[in-house]
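Proteins get letters first, then strands, A, B, ... in listed order; numbering begins at 1 in each.
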Amino acid sequence: MKEKIQKYNLPKNLEVSFDNNVASFEVPVSQIKELVNNLYKNFNLSLKLVTATDEREEDGCFRIWYILGSPKDNIVIIPFIKLKDTIEFPSLSLDIHEIIDYERKIQTFFGLKPIGHHNARSIILHENWPKNLFPLRKDFNWQTKPPIAVNNTYHFQKVKGEGIYEISVGPIHAGIIEPGHFRFSVAGESIMLLEPRLGFTHKGSEKLFEVLPLAEKIHLSEKISGDSSFSHSLAFCQALEQLSDTNVPKRALCLRVIYSELERLANHFGDIGAIMLDTGFNFGGAQGSRLRENIMQINERITGSRFLRGVNIVGGVITDISEQENNILTDDLSNIAEDFSEIVDIVDNNASLLNRLEGTGVITFETAKDCGVIGVAGKAIGISSDARVNYPYAMYNELEFDEIATEKSGDVYARFRVRIKEVRSSIKIIQNALSKLPTGNINTHNSDISFKKNAFAVSVVEGWRGDIVYFVKTDSCGNISRVAPRDASFTNWAVLKDAGYDNVVPDFPLINKSFNLSYSGNDL
Amino acid sequence: MLITILILQIIFVPLISPLAIGFIKKIKAKLQNRRGASIFQPYKDLWKLLHKDEVISSDASWIFKVSPYIIFSITVIVGASIPLFSSVLINFYTTDILVIVYLLSIGTFFLALSGMDTGNSFGGFGSSREMTISAMAEGGLIFSLLTMAIISGTTNLFEISNIGLFAFSKSILSVILAFIAFFIVLLAENGRFPYDNPDTHLELTMIHEAMILEYSGKKLALMEWAGANKFIIFTSLCANIFFPFGIAQSVSLDALSIGIIVLIIKIIIFCLIIGFLESKMSKFRFFRLPDLLIVSFIISIVAIGLINQL
């Protein structure tokens with residue numbers, strides 16, 4: 001660990017502490033800007049999460065954590081700052097574009113002021129939330145029912161000019177999808193500006209993580225974004241396992257790989273179908289939902305839950321795959337793979353479909369880098385980042401893994417192709433894992449889990465949208481005092497407006513579908 | 001007997017139009033490996049909607065309220081004025097090509113107005129798209145029908161359908177080209193693929209559905225029904241003008257039954273073609289649609305040029 005850290009030329013006066021694969025150190029407020037900038041720009045570390053904790057009761061300060069990942073070494077570097085007797089901290093938003101929304105979130109939920117931030121509008125909480133009430137501060141009781149604020153307004157960005165027409169769409173849509181508002185400024189049919197306004201599914205999840213009992217915390221993590229239930233609970237359980245030094249049996253690690261990949265398969269099939277459906281190619285749409293349903297039924301057969309809920313616990317999983325089920329599943333997957341190839345052949349020969357997908361919703365490599373785009377959308381523009389390879393967890397490092405599926409064009413078609421490639425590699429991974437399934441227990445029974453005191457853990461899991469990051473911190477009694485989940489949607493929402501720019505309005509649903517971001521995972 | 005034919009002629013279109021829509025949906029479902037709803041579902045939907053309460057925006061003017069009645073009546077009038085299963089009603093005043101085309105345009109005009117009337121942003125762009133497409137489709141529509149009018153020497157639709165296959169066979173190339181041009185317009189005017197997706201839930205991609213988004217209850221039923229009527233009007237025109245056989249030329253019961261059966265078979269064939277098309281292809285991007293309509297216009301001009309004057 002220490003050697004790995006040395007190459008980053010950290011200032012000598014910092015006290016770096018190591019824990020598992022996490023290196024953390026306090027940085028004086030005046031130096032944070034330079035240090036994070038240096039790590040992010042010169043050493044190409046990826047920004048995983050920026051969040052705050054309220055430790056005024058124990059330490060008399062707020063802390064702000066800058067969680068950076070080093071993909072090559074599988075280590076996480078966390079510089080943090082202490083805010084004593086002040087609520088102001090230096091904003092990095094002018095240097096690091098993707099930090100904008102993290103800082104806005106800290107401002108909205110903790111009432112800490114990023115000095116020098118150019119977009120001070122609140123995020124997620126709406127204008128009817130009182131301005132001086134900060135829900136993630138410890139002195140805010142989670143059962144408080146605040147009065148409805150009436151005089152606040154949210155200012156959308158404006159485009160001025162002749163013939164500019166504003167279309168407001170949502171938050172309620174015609175299909176059964178999550179709520180979100182989109183404000184288009186269009187000239188004729190082409191989009192000049194698109195501004196998504198989210199927060200309609202805000203449930204106070206981060207606050208709930210602080211008050212619920214442990215078992216329910218895990219259930220809550222499954223509900224951060226319902227379609228990634230398994231990946232979210234996996235990320236959360238992994239963090240808890242680090243904090244409690246729990247060893248997970250080999251068999252459980254392998255099962256976790258299988259379940260994660262089943263979840264990825266189901267969602268990729270659904271998306272591949274939905275992208276085709278949105279172009280009006282009904283045949284493809286029907287096939288996509290059929291394949292997704294096949295996987296969901298497999299999930300239900302093995303675990304009793306179509307969304308793989310209630311499977312993860314601290315120390316392993318609770319449902320096993322028997323010898324007989326192993327064989328059935330292997331066969332099922334071969335059949336599905338065969339079906340899928342036939343569908344892909346039909347797609348590849350459909351000119352009208354390809355015409356709709358190619359060149360639609362293009363994002364450039366620079367934009368994607370600046371916005372910190374990850375997951376499927378990132379891979380589609382050649383950002384080769386995948387937590388399964390970069391931060392191997394569960395049993396991924398022992399399985400055969402094809403290279404990370406990437407494309408270059410960054411359009412809807414590229415995102416479509418990335419999904420097709422990932423489906424194929426997922427099927428291989430599952431079959432590989434099934435053939436290597438180790439024997440033994442599927443969890444370490446531990447009825448009385450205790451966590452390290454004043455510690456924290458970071459866990460990264462590649463959900464099907466992109467990486468999911470959990471930052472979990474305990475207080476001086478060993479209770480969990482802060483859980484900050486970050487779904488891949490949170491970073492990727494920022495790039496949607498660039499993907500929409502200069503496309504025609506009727507293509508927007510297709511572009512949106514090719515990202516298929518979670519509203520719930522963003523709003524928390 | 002003539003009275004019976006007249007009554008039959010008037011009720012035929014509204015009576016079978018929901019069935020055609022249900023039939024296309026069924027074909028599409030089958031092609032997607034789904035079971036699909038019954039082909040009689042559109043009747044049930046209309047029945048349900050006719051018994052529902054309406055919500056009318058407080059910003060809506062009288063245009064919004066009368067449009068469904070105007071649009072629905074126009075489709076019934078036009079439906080009664082085109083050759084369906086018999087060509088014996090020649091003396092109708094409304095059976096001229098231009099009268100039919102511009103009666104339908106009045107319907108489109110009111111549809112677009114009612115889309116904008118409530119001030120809903122979806123209605124606004126729905127209307128704007130509809131007018132773009134409808135203006136470009138008009139050329140192909142008129143000139144393809146004109147080709148047939150020149151071949152048969154009359155602009156009366158009943159006479160055109162009466163002329164028989166022999167006269168057509170002399171200018172067969174023109175007829176084929178004019179048919180292709182008319183078919184492209186048929187797809188555009190009825191909001192079928194590749195112009196519009198009648199089954200979509202995505203507001204931003206809609207054309208026809210966006211304009212009627214604010215309607216509910218009885219008025220929505222009328223709008224939906226009128227859309228179905230328009231589809232039958234276009235397919236019957238297509239069937240009887242470009243494939244003029246089987247139509248009853250006398251008032252006998254035999255001829256009439258044959259006429260009705262042949263027409264229904266022709267409509268079924270068109271439904272099959274459209275259902276197949278909508279399963280096989282994607283919708284076009286909006287800015288590619290004018291290209292297709294220009295093609296329709298040019299083909300029909302070429303068709304006129306190729307008419308054999310012998």
key: Nearest-0.5 Å distance that lies between atom OG1 in A/T279 and atom NZ in B/K283   = 9.5 Å

key: B/K280, part contacting chain A, at a heavy-atom distance under 4.5 Å   = backbone

task = Could you tell me which portion of A/D507 (side chain, backbone, both or neither) has an atom closer than 4.5 angstrom to a non-hydrogen atom of chain B?
result = side chain

query = Quick one: of A/E166, A/M276, A/H173, A/R290, who has the most non-hydrogen atom pairs under 4.5 Å with chain B?
reply = A/H173

note = Residues of residues 181-208 of chain B with a heavy atom under 4.5 Å from any heavy atom of chain A, in residue-number order, are B/F193, B/N197, B/H201, B/L202, B/E203, B/L204, B/T205

note = Greatest number of non-hydrogen atom pairs under 4.5 angstrom with chain B, of A/L354, A/D278, A/L510, A/V186, falls to A/D278

request  = Verify the neighbour count for atom NZ of B/K25: are there more than 12 heavy atoms of other residues, nucleotides or ligands below 6.0 Å?
outcome  = no

query = chain B heavy atoms under 4.5 Å from A/F508: which part of the residue, side chain, backbone, both or neither?
reply = side chain

ask   = Is the OH atom of A/Y154 crowded by more than 12 outside heavy atoms at less than 6.0 Å?
value = yes

query = With a cut-off of 6.0 Å (strictly less than), are more than 12 heavy atoms of other residues, nucleotides or ligands near CZ of B/F109?
reply = no

key: Residues, nucleotides or ligands: over 12 heavy atoms within 6.0 Å of B/D53 CG   = no

ask   = A/N355 versus chain B, heavy atoms under 4.5 Å apart: side chain, backbone, both or neither?
value = both

key: For B/S282 against A/F281, the heavy-atom pair lying closest together   = OG-CB, 3.5 Å

query = By a 4.5 Å heavy-atom criterion (distance strictly below it), what part of A/Y165 contacts chain B: side chain, backbone, both, or neither?
reply = side chain

ask   = What are the two closest non-hydrogen atoms of A/S168 and B/S121, and how far apart are they?
value = O-OG, 3.8 Å

Proximity breakdown for A/V169 and chain B, heavy-atom pairs closer than 4.5 Å = both

message = Counting only non-hydrogen atoms closer than 4.5 Å, does B/F287 touch chain A with its backbone (N, CA, C, O), its side chain (CB onward), both, or neither?
response = side chain

Selection from B/R285, B/Q32, B/M281 maximising heavy-atom pairs under 4.5 Å formed with chain A = B/R285

key: B/L31 versus A/F283, closest heavy-atom pair with distance   = O-CD1, 3.7 Å

key: chain B interface, residue from A/G285, A/P509, A/A286 that has the most non-hydrogen pairs under 4.5 Å   = A/P509

Any pair counted as salt bridge (charged side-chain N to carboxylate O under 4.0 Å, His left out), so long as it reaches residues 113-129 of chain B, sequence neighbours left out = A/E189-B/R129

